[in-house]
4 protein chains.
Amino acid sequence: MMRVDKVEKRKKILEGALLVFAEKGYHKTKMVDVAHKVGIGKATIYEYFRNKEELFFSLIELLETRLLHFIEDAARSTEDVESRLKRVINSLFEVYIRWENAFRVLLMFWAELLRKGETRPIQEKLKDFYANLMRLIETIYKDGLKKRKFKEVMPPEQFARSVIAMADGLTFQWILSNKSFDLIDSGRKCAEFIVNSVTA
Amino acid sequence: MMRVDKVEKRKKILEGALLVFAEKGYHKTKMVDVAHKVGIGKATIYEYFRNKEELFFSLIELLETRLLHFIEDAARSTEDVESRLKRVINSLFEVYIRWENAFRVLLMFWAELLRKGETRPIQEKLKDFYANLMRLIETIYKDGLKKRKFKEVMPPEQFARSVIAMADGLTFQWILSNKSFDLIDSGRKCAEFIVNSVTA
Amino acid sequence: MMRVDKVEKRKKILEGALLVFAEKGYHKTKMVDVAHKVGIGKATIYEYFRNKEELFFSLIELLETRLLHFIEDAARSTEDVESRLKRVINSLFEVYIRWENAFRVLLMFWAELLRKGETRPIQEKLKDFYANLMRLIETIYKDGLKKRKFKEVMPPEQFARSVIAMADGLTFQWILSNKSFDLIDSGRKCAEFIVNSVTA
Amino acid sequence: MMRVDKVEKRKKILEGALLVFAEKGYHKTKMVDVAHKVGIGKATIYEYFRNKEELFFSLIELLETRLLHFIEDAARSTEDVESRLKRVINSLFEVYIRWENAFRVLLMFWAELLRKGETRPIQEKLKDFYANLMRLIETIYKDGLKKRKFKEVMPPEQFARSVIAMADGLTFQWILSNKSFDLIDSGRKCAEFIVNSVTA
DNA sequence: TATGAATGAGCATTCATTCAT
DNA sequence: GATGAATGAATGCTCATTCAT
């Protein structure tokens, strides 16, 4: 009983932290802001997270997991490879739209990681995230190649990386431009273009 | 009277700021760090920039201008459209490699801008930057379409956006992964893939 | 939950601030000095006052109120007008002697207000303070006139202003001269002189 | 020739300093403000004054001398004692009105001196100033007593002190109240009241 | 367990003063 | 002699974290 409470409250804190971090960014977010958003006392956060960094990192982990699950679900379809590829690419955009705040926070975090020479365990999580994403797309692409549905326009790893890059990049522009274009539509067109270009 | 080339010194400070910001990020960069890197007293920075934010924004402006010039130069070639498109796409990668620190700092800054609802004059500069980049690529694509060298796989605007997205996204992954793959090569392959896919 | 009497602590801080401001003046007083005098950490002051200026202004308000109450009490006596006038004038001196630090701080503050063109809400408080003081003395003088105890040597407002001026001026000299004369005695003689001069 | 220049420039600096100090107060006055007001370079001030404090103290000395001379001139008249006393008292007000900025600056300075335990050579100057002022009025009062024109309502020293106190106090109120009453008129009435009250 | 109170480490910024020319 | 450039010492304020209850 107690245990459930703990887990539940932890989630609630992370949920609040997501909102505040997305709005203010890491450095401008005060612990008291998060506490206030959740409706608890400042010190209570420290019962669940060692410090601000751990709170943030826990949130990152949660978001990465959540996003990955969403995309993996899309890949689990039983259709033909073309459709599956299209569906996965589309899911890359959908996931960012659906959890826009998550994207904001993740991108912020990734940008922070760009600091020269920064190396931390949390970076490994990020690499895992990307590795999983790539494996997903690589697998589909290789599958298509084996089935002679796709032609090998570039090595599978490269292909996967490019697809992800395009999704990241487009979403990035979309948010930076204050959503001044239709990301879903752009994404769909991208997906089609890519799939067409690799279809044998 | 001490004769000092104000413009030159300003540049020196920005150069030092670039190094420190790239290494530590905006918030962890102390004015005294920058001063030390440049080899001056910290108060001297305030003779050239009103405050830390203005120093940072001035740096952003400088970097955006510098990057844009580099890419514009690549587009000024007189070759056929396919080559010009390839060259421009390649320059997108080269510019980031050549001025890696610039990319780090710019991305950090852009990520900061993701904060919900943030609107500042400096954002306009960023939009200008992207607008210029897109115009460049759109122009080449449209030119190719007119000359029947390219087929219209998607609207020119969309095409330009996608190309930039891919460059941004790949470079992003490249830095995040500690340069674990060959960005120039990946870029070249991307460029070829794209150009091939649109060539009539 | 720590139970703290917020009001009491606020008072303690103001008490400490009074001592330090009286000793060092506004500008040379550091927040850490005040904190140290009170025996708390400097950040704690900011729990009770927004900033240094607000701390100072709050102190000014407190002192003005305190002084006014003391003088009003003196005026509440039920004796004849001559005695009441004498008593109030004497209280003007007594109050400054009793709360010498308050006088130091208030005068410092008033002197600051002399800066050309300075206009702030806090100035209104000062005007209220003087207005109350003047009303007190005017009332007694008018009362004496009505009862034919006093003759009208000058308009009541002018009279009140002059009495206050003399008290301020004498106390000022007293402190500046390092208390080299007996202010109480001087004040008493002044009071007698004034009362005699206006007595019919 | 050089010498005259030096003295003249020194005066110009003090004149500028008076304006700036009167407007901003000691602490908010920056050396560069003074330099700018005078129309010279910052460093030039240091050719004439060791530092900011010496500049300020020199100004104080100048003002005290200037004010004292004005009042002494008023006292040099050859009329009867009543008129002379009246004239001197009036001059106390006039001098402050005529050199309002001087009064602002002097009062600021005096208020600063109130800081507990402050003892400096400059304080002696101030004591001299007041001592001279008091001697002036005492002399007239004693003269009047000797000539049986005045009655001894209080000891001459006390009388002098009270007269000065009233002038200081009234002028103080006048400036604090944004000159909301006619100081010259109030002063004249005060002078008359005092002279009447002591006239035998 | 929950929390408001307390706080010191940390940092941007100002400005009197010095110095090189 | 005159001065603009350079700067370090000084300080108000913030905020993550701890602590007492």
Side-chain angles (χ1 to χ4, degrees), chain A residues 2 5-6 9 26-36 38-56, chain B residues 1-6 9 13 27-36 38-55, chain C residues 1-6 9 13 27-36 38-55, chain D residues 2 5-6 9 26-36 38-56:
Chain A
M2 269 316 215
D5 267 350
K6 271 255 178 193
K9 194 153 195 177
Y26 180 78
H27 292 281
K28 294 202 175 172
T29 293
K30 291 176 258 178
M31 291 302 265
V32 69
D33 293 336
V34 176
H36 190 257
V38 183
I40 58 176
K42 207 168 11 132
T44 308
I45 300 177
Y46 288 87
E47 296 290 324
Y48 295 84
F49 304 92
R50 196 182 310 284
N51 53 34
K52 186 181 177 181
E53 199 182 49
E54 199 191 287
L55 170 64
F56 187 65
Chain B
M1 216 180 317
M2 241 180 261
R3 211 67 60 79
V4 172
D5 189 335
K6 281 260 185 184
K9 192 148 198 178
I13 294 174
H27 292 282
K28 295 203 176 169
T29 292
K30 288 174 269 178
M31 291 304 264
V32 71
D33 294 335
V34 176
H36 191 257
V38 183
I40 58 177
K42 78 181 129 58
T44 307
I45 301 176
Y46 289 88
E47 295 285 322
Y48 295 83
F49 303 92
R50 198 182 307 287
N51 52 35
K52 187 179 174 181
E53 198 184 51
E54 199 191 286
L55 170 64
Chain C
M1 212 179 324
M2 240 179 260
R3 210 66 60 79
V4 171
D5 190 334
K6 281 259 187 186
K9 191 148 198 178
I13 294 174
H27 292 281
K28 295 204 174 170
T29 292
K30 287 173 271 178
M31 291 304 265
V32 71
D33 294 335
V34 175
H36 191 257
V38 183
I40 58 177
K42 80 181 130 59
T44 307
I45 300 177
Y46 290 88
E47 294 285 321
Y48 295 84
F49 303 92
R50 195 180 310 283
N51 52 35
K52 186 178 175 182
E53 197 183 51
E54 200 191 285
L55 170 64
Chain D
M2 269 317 216
D5 266 351
K6 271 255 178 193
K9 194 153 196 177
Y26 180 77
H27 291 282
K28 295 203 174 172
T29 292
K30 290 176 260 179
M31 291 302 265
V32 70
D33 293 336
V34 176
H36 191 256
V38 183
I40 59 176
K42 208 171 8 137
T44 308
I45 300 177
Y46 288 87
E47 296 289 324
Y48 295 84
F49 303 92
R50 195 181 311 282
N51 52 34
K52 185 179 177 182
E53 199 182 49
E54 199 192 286
L55 170 64
F56 187 66

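Sequence lines set the chain letters: A, B, ... in the order given, protein chains first and strands last, and positions in each chain run from 1. For the numbers below, each heavy atom of this structure counts, side chains included, while hydrogens, waters and symmetry mates do not.
Taking every side-chain heavy atom of A43(C) into account, dT7(E) is the closest of dT7(E), dG12(F), dT17(E). Out of dT3(F), dT17(F), dT17(E), the shortest distance to the side chain of E47(D) is found at dT3(F). Comparing dC19(F), dA2(F), dG12(F) by their closest approach to the side chain of T44(D) singles out dA2(F). Here the nucleotide nearest the side chain of K30(D), chosen from dA16(E), dA12(E), dG4(E), is dA16(E). Which of dT17(F), dA2(F), dG12(F) sits closest to the side chain of Y46(A) comes down to dT17(F).
Under the side-chain hydrogen bond (donor to acceptor under 3.5 Å, both in side chains) criterion, E47(C) pairs with no residue at all, not counting sequence neighbours.
Using a 4.0 Å heavy-atom criterion, one finds that K28(B) contacts no nucleic acid atom at all. At a threshold of 4.0 angstrom between heavy atoms, the contacts of Y48(A) are confined to the sugar-phosphate backbone, with no base atom among them.
Among the duplex regions that DNA chain E forms, those built from at least three successive Watson-Crick or G-U pairs under 3.5 Å are E:2-21 with F:2-21, ordered by first number.
Taking 4.5 Å as the limit, some side-chain heavy atom of Y26(D) sits within range of a side-chain heavy atom of E53(D).
Side-chain nitrogen and oxygen atoms of K42(D) include none within less than 4.0 Å of the OP1 or OP2 phosphate oxygen of dA2(F).
For the pair G41(B) and N51(C), nearest-nucleotide mapping onto DNA chain F gives the more 5' position to G41(B).
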